[in-house]
There are 2 protein chains.
Amino acid sequence: MTPKIITGKKGQGSKRGRGRPAVFDRAVALQAAMKLFWERGYEGTSFDDLISAMGISASSFYNSFGSKEALYCEATRSYLEWSGQWFFAILNDPSIDTKTAFARLFEATAEEFTRGDHPLGCMISLAGTHCAPGMSNIRDMMAEHRAFSESAMAARIRKGAADGDVSKNIDCDMLAAYYSAVARGLAVQARDGASREKLAQIGHLAMSAWPAG
Amino acid sequence: MTPKIITGKKGQGSKRGRGRPAVFDRAVALQAAMKLFWERGYEGTSFDDLISAMGISASSFYNSFGSKEALYCEATRSYLEWSGQWFFAILNDPSIDTKTAFARLFEATAEEFTRGDHPLGCMISLAGTHCAPGMSNIRDMMAEHRAFSESAMAARIRKGAADGDVSKNIDCDMLAAYYSAVARGLAVQARDGASREKLAQIGHLAMSAWPAG
DNA sequence: TTATTTTTGGTGTCATCGCTCCAAAAATCC
DNA sequence: GGATTTTTGGAGCGATGACACCAAAAATAA
């Protein structure tokens with residue numbers, strides 16, 4: 001009944017201690033879990049699928065990651081850290097103006113959503129929209145992540161307005177909401193098998209809604 | 001092992017026969033199931049949730065609907081029949097031009113996605129994107145429905161090009177893919193709690209990408 | 001080497017899931 | 001009213017899901 005509290009990451013994460021060192025690479029195992037969650041979602045991924053893909057036993061899993069839900073949170077953070085690399089690099093590139101940043105964002109999105117070395121689309125856009133009651137924590141977490149990326153877009157547009165490369169008359173939050181919606185739609189299109197070219201052209205069309213300066 | 005084949009709808013569906021008539025209204029039960037599936041998705045909705053919401057017993061469920069998967073298909077058809085009402089009425093309204101039809105489509109979408117009498121967003125847009133292996137039939141079914149609505153949009157645009165109210169130089173399929181993506185994005189935004197006004201403004205912004213005649 | 005610390009495999013457990021069977025009950029037809 | 005046909009409630013089943021526990025194994029510190 002009393003839930004076991006995992007205070008800190010153990011396994012490969014702790015510094016070289018006394019006992020037997022873990023035989024598996026925690027980062028590699030986490031990455032494998034991330035891809036599975038990305039592909040199938042939280043509820044679509046079973047405990048057995050996870051430990052099998054991660055190449056560890058049930059007890060190692062429990063020792064190192066605490067629970068399926070804790071692992072999902074960690075995998076999500078890992079995904080965000082990874083996708084945030086290209087996302088924020090482009091969004092906040094100081095050498096380009098706001099509109100160009102968004103255009104490049106969608107070019108990169110078309111590429112990233114259709115790569116062969118990881119699942120199609122976006123782990124965040126597709127997750128936690130359709131879920132059982134009792135999964136509200138998961139749903140809320142993903143909604144927050146979506147809201148975060150939308151607000152990052154809004155901040156970039158506001159900066160553009162301050163810098164003078166975006167008209168001061170536009171509603172920055174609404175423009176960000178629009179491009180956020182387009183990104184979510186691209187994730188669904190990618191999942192349904194849309195080609196890189198198709199995604200790129202959708203993004204290009206979306207850019208033609210950019211308000212005139 | 002030999003799967004029980006449900007040849008036709010029984011229960012309230014069959015014409016007044018000999019035996020004891022069903023005590024529940026099949027259409028009402030189906031609608032309750034539809035709303036549950038719409039809210040939670042296929043995997044997020046349990047058998048017990050269903051029979052409880054439908055107000056019937058497990059055996060009545062099995063007698064009348066065959067299986068959870070068969071019910072899901074039927075609920076999906078029911079949803080499409082219902083949402084197709086407003087969708088195609090606007091898309092194929094002969095009294096308005098193509099661009100106006102799409103603008104009205106998004107106005108209606110903003111309203112329909114945020115009504116209090118049924119779940120938020122769209123049952124089709126959100127379903128079957130993140131699912132377990134073995135659910136490929138469900139995933140494929142939903143992807144087909146999405147492709148169908150996209151092709152209906154493309155057909156409307158092609159008709160517009162033929163009628164002369166859309167430029168003949170545009171790529172009709174690509175424009176449809178773009179508006180399809182926007183619709184998917186609106187469904188996610190609606191799920192995340194976006195207001196009707198926010199959705200309407202996103203749709204309005206999306207319309208400003210309409211190619212010049 | 002010995003003691004200590006930690007991981008590991010295997011097994012067990014409890015709940016849920018989706019389904020299935022069965023006999024009683026109820027309504028119609030003759 | 002009796003026979004027939006169908007629905008209904010309830011009990012139960014095999015599979016899966018997500019852990020949880022434990023004793024053996026392995027590696028380091030002393």
Side-chain angles (χ1 to χ4, degrees), chain A residues 1-26 29 33 36-37 40-72 131-135 138, chain B residues 1-26 29 33 36-37 40-73 131-135 137-138:
Chain A
M1 272 304 146
T2 49
K4 193 167 196 173
I5 293 168
I6 303 294
T7 53
K9 293 156 200 168
K10 296 202 276 186
Q12 202 87 347
S14 60
K15 56 182 166 193
R16 214 114 195 97
R18 277 172 197 254
R20 172 180 175 180
V23 82
F24 65 93
D25 184 333
R26 200 176 188 282
L36 225 60
F37 280 134
R40 310 177 182 178
Y42 180 76
E43 291 178 282
T45 308
S46 77
F47 193 84
D48 289 352
D49 289 340
L50 284 169
I51 61 174
S52 170
M54 297 165 84
I56 62 177
S57 71
S59 20
S60 298
F61 174 91
Y62 189 67
N63 281 335
S64 265
F65 298 100
S67 69
K68 186 186 170 187
E69 188 172 342
L71 174 63
Y72 187 70
C131 52
M135 292 288 151
I138 301 274
Chain B
M1 272 304 147
T2 48
K4 193 168 196 174
I5 293 167
I6 304 293
T7 53
K9 291 157 200 166
K10 299 204 275 185
Q12 202 88 349
S14 59
K15 57 184 167 194
R16 216 110 195 99
R18 271 161 206 261
R20 172 181 174 180
V23 81
F24 64 92
D25 183 332
R26 201 176 187 281
L36 225 60
F37 279 133
R40 308 177 183 179
Y42 181 75
E43 290 179 283
T45 309
S46 77
F47 194 84
D48 288 352
D49 289 340
L50 284 169
I51 60 173
S52 169
M54 297 165 86
I56 62 178
S57 73
S59 24
S60 298
F61 174 91
Y62 190 67
N63 279 336
S64 266
F65 298 101
S67 70
K68 187 187 171 188
E69 189 172 341
L71 174 63
Y72 187 70
C73 293
C131 52
M135 290 289 151
N137 38 0
I138 300 274

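Quick note on labels: first sequence line is chain A, next is B, and so on, each numbered from 1. Keep in mind the model is a prediction, meaning the values are calculated, not measured.
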Parallel under 30°, tilted from 30 to 60°, perpendicular over 60°: which one fits the rings of Tyr42(B) and Phe37(B)?
-> parallel
What residue pairs, at least two apart or across chains, pass salt bridge (Lys or Arg N to Asp or Glu O under 4.0 Å) with a residue in residues 53-68 of chain A?
-> none
Closest non-hydrogen atom pair, Ala132(B) against Gly44(A) | CB-O, 3.3 Å
Round to the nearest Å and state the distance from Arg26(B) atom CZ to dT8(D) atom P.
-> 12 Å
Atom pair distance, as rounded to whole Å: CD1 in Ile51(A) and C1' in dG17(D) | 11 Å
Kindly indicate whether the side chain of Ser59(B) and the base of dG10(D) share any N or O donor-acceptor pair separated by less than 3.5 Å?
-> yes
Is the phosphate of dT8(C), meaning OP1 or OP2, less than 4.0 Å from a side-chain N or O of Ser57(A)?
-> no
With sequence neighbours excluded, give me every salt bridge (Lys or Arg N to Asp or Glu O under 4.0 Å) pair touching residues 44-65 of chain B.
-> Arg40(B)-Asp49(B)
In Å and rounded to the nearest 0.5 Å, what is the CG to CD distance from Leu71(A) to Glu69(A)?
-> 10.5 Å
Once you round it to whole Å, what is the distance between P of dT7(C) and CZ of Phe65(A)?
-> 12 Å
Round to the nearest Å and state the distance from Phe24(B) atom CZ to dA26(C) atom P.
-> 17 Å
Whole-Å distance between dT8(C) P and Ile56(A) CD1?
-> 8 Å
Indicate every side-chain donor-acceptor pair of residues 51-60 of chain A with a distance under 3.5 Å to a residue at least two apart or in another chain.
| from | atom 1 | to | atom 2 | distance (Å) |
| --- | --- | --- | --- | --- |
| Ser57(A) | OG | Ser60(A) | N | 3.2 |
| Ser57(A) | OG | Ser60(A) | OG | 3.1 |

Letter per nucleotide, 5' to 3', of nucleotides 13-19 of chain C [B base touched, S only sugar-phosphate touched, - untouched; heavy atoms, 4.0 Å] = ----SBB
